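Only one structure is covered here, and it is reproduced in the block below.
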Amino acid sequence: MICPEPDTISGEGMAVKAVELACENAGVDTRDVDGLVKLSYDGSMSTMAMSRELNARESNFTIELPMGGGSTGSIIEAARMAVEAGTAKTVVCFRSVSGQEFRRQVSSPDVHRQYYLDTVNYLRTAGWSSYLHLFAALFDVHSRRYGTTKETLGRVVTGLRANAITAGYRPDSHALDMDAYMSAKPYIGPFSHYDDYAIIDAASAFVVTAEDRLNNRSRPTVEIVSTAQSHGPEPRSWYESIALNDEPLGPVRSVAEKLFEKSGLSPKDVDVAGMYDCSAFTFMAMVEQSMLCKAGEFNELASESGAFGAGGALPANLCGGDLGAGYTHGFRHVIEAVRQLTGTSSNQVSNAEIAMVMGGPGNVTSGALLRRKELS
Amino acid sequence: MNTLGVCPVNLGWAQIANDYRAVIRKYKEPIVQNCVLCNGAYWPPRLRCTCGSADMHWASAGSSAKIVSTVGVDLTPDQAATHWVPRKLAHRLPYTTVIVELSEWPGLRIAALADGLSLTHAPHGSTVTLSADFTDDLVTLIAQASET
């Protein structure tokens, strides 16, 4: 993953660089990359162009995934399916967007996929604003149900900010305390600017391949234990907000249940978590719905000092997450999980063996369980 | 059956939205989509009922609803664009959006707009009165605290 200074490298340049670094890290030749998976919410290049820039010998599998922040597990799943089916031998997943391009994308209609606006005419005319609006509505329900307060959100924000600093994604001068957080004026529901992610230039990439094709055996690798996707109890369209339905066990919970059932693992086996975190409440909801704590008990979990740090009660988003270190559609959680499991994180959890990554609680989401694997 | 006309599901999302607004303008009240076959009700509208039927009509939503959740939006005009406040509603800031459950259609929720922030802390289950507003060249569902 690379996060250059803003406007110093193009989205395309970042994408190629990130893929090159991922291949180098895995010990694979870029020319052997015969499968590509990318988010449709990307601002770099087509998979065809990436194959060209990598001088790939063949293109056996290419796919773009449309679920935005819900794509975290599906990206891994698509790549794994291609490798296990024998369709492709070496698949690279990537996402690259400059901050400027991201701002442009989110502030204008998608002219090529206008069908995503199928239900936009209803919520927007009721004053519905940005994605924060959805999470503000969900926070309101959670608060009414469990007594969740803004202080809990503050513990998330300050905790992930501390992780970002420890991991080196923010300078020490960016440290944030609860007084500063609580004094910031809220503007959408309970959220102030501290509850929102920063827009950055970032590119991420990882390699999925069969174990016998790895040439870098100097450290452990990462095994994909289980992947899953779900729309939850009811299918919904993009703008048909989950806030319109009383589903405390939404798509995230469905994915979590599938992951644990498929793998035979349980929540207590998870050593490190990478939870989608476009807002402070999102992280909170993700932890509960991913079964890492019981519904309504996040308040108590967050009240522990350093709860989400490397030595905390629930090591999570150790790089600071998108909330603490800048938005990547949750892609950075996969990168950090791999680093944790291979012992190469700059905010390392001791003996991390199982990592859980989970996409955002929108209308379709996905997740994965990953495990450290020692190579012989 | 309380029908306000056929919902043109075969004409696609844009036309359904146009028809939705036209029906509200005509009858001057909030509406929902209603399945003729099973009486299922939906908001936003869909192309098919969950029972599989395409025989969908518009029906009155009724004017009474109970609050499920509220969100206060208190942005400056400069912040409004950054946070995707609908341009034609920016002049209403600050405002509150509410999700309410319709008394006429138990279990069905819709979103509506309330001027100001007075409803932001309205208790769960508070009754509101729904109406339709046609200023700003929009069709907007409005929620107001019901008089006790």
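Throughout, a chain's letter reflects where its sequence line sits, starting with A, and its residues are numbered from 1. Below, all heavy atoms of this structure are taken into account, side chains as well, without hydrogens, waters or symmetry copies. Since the model is a prediction, treat every value here as computed from it, not as a measurement.
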Exercise. Just by modelled atom types, is the B:Trp43 backbone N or O under 3.5 Å from a matching donor or acceptor in the A:Tyr122 side chain?
Worked result: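 Such a contact is absent between A:Tyr122 side chain and B:Trp43 backbone.
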Exercise. Any sub-3.5 Å donor-acceptor pair from A:Lys185's side-chain atoms to B:Asp74's backbone N or O?
Worked result: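 Pair found, side chain donor or acceptor close to backbone of B:Asp74.
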Exercise. What part of A:Pro186 gets closer than 4.5 Å to chain B, counting heavy atoms only: side chain, backbone, both or neither?
Worked result: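 For A:Pro186, the backbone is the part near chain B, not the side chain.
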Exercise. Chain B heavy atoms under 4.5 Å from A:Phe139: which part of the residue, side chain, backbone, both or neither?
Worked result: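 Neither the backbone nor the side chain of A:Phe139 comes within 4.5 Å of chain B.
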Considering all heavy atoms, the nearest [X]-[Y] contact:
X        : Y        : answer
A:Ala126 : B:Leu89  : C-CD1, 4.5 Å
B:His124 : A:Arg144 : N-NH1, 2.7 Å
B:Val73  : A:His133 : CG2-CE1, 3.4 Å
A:Ala137 : B:Ser69  : O-CB, 3.8 Å
B:Pro86  : A:Arg124 : CG-O, 3.2 Å
A:Ser129 : B:His83  : CB-O, 3.2 Å

Counting only heavy atoms not in [X] (residues, nucleotides, ligands), do more than 12 fall under 6.0 Å from its [atom1]?
X        : atom1 : answer
B:His121 : NE2   : no
B:Gln144 : CD    : no
A:Gln100 : CD    : no
A:Glu300 : CD    : no

Let me know if [X] has heavy atoms under 4.5 Å from chain A in its side chain, its backbone, both or neither.
X        : result
B:Leu108 : neither
B:Glu101 : neither
B:Pro94  : neither
B:Thr120 : backbone
B:Arg21  : side chain
B:Val139 : backbone

Exercise. Taking B:Thr96, B:Leu113, B:Val71 one by one, which has the highest count of heavy-atom pairs under 4.5 Å against chain A?
Worked result: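 Maximum pair count with chain A is reached by B:Val71.
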Exercise. Out of B:Ala112, B:Ala81, B:Gly12, which one racks up the most heavy-atom pairs below 4.5 Å with chain A?
Worked result: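 Highest number of heavy-atom pairs under 4.5 Å: B:Ala112.
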Problem set entry | Separation of A:Leu123 CG from B:Ile110 CD1 (nearest 0.5 Å) |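 CG of A:Leu123 is found 10.5 Å from CD1 of B:Ile110.
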Problem set entry | Point-to-point distance, once rounded to the nearest 0.5 Å, from CH2 of B:Trp84 to OH of A:Tyr131 |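 If we round to the nearest 0.5 Å, B:Trp84:CH2 and A:Tyr131:OH are 6.5 Å apart.
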Exercise. Does a side-chain heavy-atom distance below 4.5 Å link B:Lys88 with A:Thr125?
Worked result: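 With C-beta onward as the side chain, the pair stays apart.
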